[in-house]
Amino acid sequence: MFIDTHAHYDDKAFDTDRDDVINNAHLAGAEVIVNAAQDYLSSIKCIELAEKFNFVYAAVGVHPHEAGNVLKGDMEKIAKLAEHGKVVAIGEAGLDYHYNFSEPESQKRIFRSNIEISKAVGKPIIVHDREAHADVLNIMNESEISEGGAVIHCF
């Protein structure tokens with residue numbers, strides 16, 4: 001079985017051909033697709049895609065690039081979305097010190113919040129780690145990720 005564990009089909013780049021691209025991926029052998037969110041609004045879109053296609057599942061959360069744009073209440077809303085039956089992971093979450101689109105302290109705070117949601121719902125977290133290895137590992141260790149587990153990419 002081929003599983004695409006990390007897609008971003010909710011991205012605006014797919015606005016003109018999203019359904020065709022998703023269906024073609026499935027026809028080409030991707031039996032399951034996990035679409036990972038970037039922020040609160042993206043999390044909603046990921047769930048909508050998961051509801052539309054029976055072979056698509058969602059991950060909800062906040063990417064480190066978007067950590068500085070999180071509004072008050074967004075993480076609580078994401079925590080509620082995480083309970084949805086087609087949500088199978090939290091993320092994309094983590095730290096990115098290469099681009100630094102968000103301040104490192106904001107990234108760390110939001111990463112911890114994503115981890116807490118992961119632990120609360122017992123679902124794995126999708127971790128983005130770019131040039132932030134020590135901090136990612138320290139935060140993961142201090143947070144005692146266990147039940148849900150984690151997938152680390154971009155390291």
Side-chain angles (χ1 to χ4, degrees), residues 1-70 74-75 77-102 107 110-133 135-137 139-140 143 145-155:
M1 173 184 274
F2 179 69
I3 300 172
D4 182 349
T5 64
H6 196 103
H8 292 290
Y9 292 126
D10 59 294
D11 190 279
K12 65 183 177 191
F14 295 103
D15 282 353
T16 60
D17 61 355
R18 180 175 291 110
D19 288 3
D20 289 338
V21 172
I22 292 171
N23 280 318
N24 286 338
H26 188 59
L27 290 171
E31 294 183 46
V32 174
I33 297 171
V34 178
N35 202 75
Q38 303 294 311
D39 56 21
Y40 170 63
L41 294 177
S42 174
S43 295
I44 293 170
K45 289 179 184 177
C46 289
I47 291 173
E48 289 171 353
L49 283 176
E51 290 175 336
K52 184 173 185 178
F53 298 92
N54 66 346
F55 55 91
V56 174
Y57 294 85
V60 298
V62 176
H63 190 285
H65 292 337
E66 302 300 326
N69 300 321
V70 173
D74 280 357
M75 298 310 291
K77 293 176 193 173
I78 289 171
K80 289 256 188 235
L81 293 176
E83 297 172 3
H84 189 283
K86 295 244 6 212
V87 171
V88 296
I90 307 306
E92 175 173 0
L95 304 175
D96 190 315
Y97 295 168
H98 178 77
Y99 291 109
N100 273 323
F101 290 142
S102 293
Q107 292 185 47
I110 295 303
F111 184 29
R112 286 183 176 100
S113 184
N114 278 301
I115 290 171
E116 289 308 311
I117 293 169
S118 169
K119 289 168 57 176
V121 296
K123 296 177 182 178
I125 187 163
I126 300 169
V127 179
H128 174 103
D129 173 4
R130 182 174 282 152
E131 297 179 21
H133 310 317
D135 285 346
V136 164
L137 290 175
I139 290 171
M140 290 177 70
S143 300
I145 295 173
S146 58
E147 284 187 40
V151 173
I152 302 176
H153 86 106
C154 194
F155 58 90

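Just so you know, these numbers use all the heavy atoms, side chains as well, and skip hydrogens, waters and symmetry mates. Nothing fancy with the numbering, it's 1 onward along the sequence.
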Seminar exercise, completed: Value for CG (Leu95) from CD (Glu131), rounded to nearest 0.5 Å, stands at 12.0 Å
Exercise. Can you check whether Val127 reaches Val151 side chain to side chain, under 4.5 Å on heavy atoms?
Worked result: no
Seminar exercise, completed: In His128, His133, Met140, the residue satisfying side chain to side chain contact (heavy atoms under 4.5 Å, CB included) with Ile152 is Met140
Exercise. Could you walk me through whether Ile90 and Val60 pass the side-chain contact (heavy atoms from CB on, under 4.5 Å) check?
Worked result: CA-CA 5 Å; Ile90 307 306; Val60 298; 4.1 Å; yes
For this session: Please round to the nearest 0.5 Å and tell me the distance separating atom CD of Glu92 and atom CG of Asp39.
Result: 11.5 Å
Exercise. For Ala37 and Ser42, which heavy atoms make the closest approach, and how far apart are they?
Worked result: CA-OG, 3.4 Å
Exercise. Could you give the distance from CZ (Phe14) to CG (Asp20), rounded to the nearest 0.5 Å?
Worked result: 12.0 Å
Problem set entry | Student check: side-chain heavy atoms of Phe111 and Ile125 closer than 4.5 Å | yes
Seminar exercise, completed: NE2 of His8 to NZ of Lys45, rounded to nearest 0.5 Å, is 13.5 Å
For this session: Kindly give the heavy-atom pair with the smallest separation between Phe2 and Gly29, and that separation in Å.
Result: CB-O, 3.3 Å
Please tabulate, for the side chains in residues 46-57, all donor-acceptor contacts under 3.5 angstrom to protein atoms that are two or more places apart in sequence or on a different chain.
residue : atom : partner : partner atom : Å
Glu51   : OE2  : His84   : NE2          : 2.8
Lys52   : NZ   : Asp19   : OD1          : 3.1
Lys52   : NZ   : Asp19   : OD2          : 2.6

Seminar exercise, completed: Rounding to 0.5 Å, atoms CG (Asn114) and CZ (Arg112) come to a distance of 12.0 Å
Exercise. Does Gln38 use its side chain to pair, donor to acceptor, with the backbone of Glu66 at less than 3.5 Å?
Worked result: no
Seminar exercise, completed: Asp96 and Arg130 have their tightest heavy-atom pair at OD2-NH1, 3.4 Å
Problem set entry | Side chain Lys77, main chain Tyr40, donor-acceptor under 3.5 Å | no
Exercise. With a 4.5 Å heavy-atom cut-off, do Ile78 and Ile117 have their side chains touching?
Worked result: yes
Problem set entry | Atom pair OG1 (Thr5) and CD1 (Ile126), whose distance is rounded to the nearest 0.5 Å | 7.0 Å
For this session: Please list, chain by chain and in numerical order, all residues satisfying ring-ring contact (aromatic ring centres under 6.0 Å, His included) with Phe101, sequence neighbours excluded.
Result: His65, Tyr99
Exercise. Looking only at heavy atoms, which two atoms of Glu83 and Val121 are closest? And how far apart?
Worked result: CG-CG1, 4.1 Å
For this session: Please answer whether the main-chain N or O of Gly68 pairs with a side-chain N or O of Ser102 as donor and acceptor at a distance below 3.5 Å.
Result: yes
Exercise. Of all heavy-atom pairs between Ser118 and Pro124, which one has the smallest distance, and what is that distance?
Worked result: OG-C, 3.8 Å
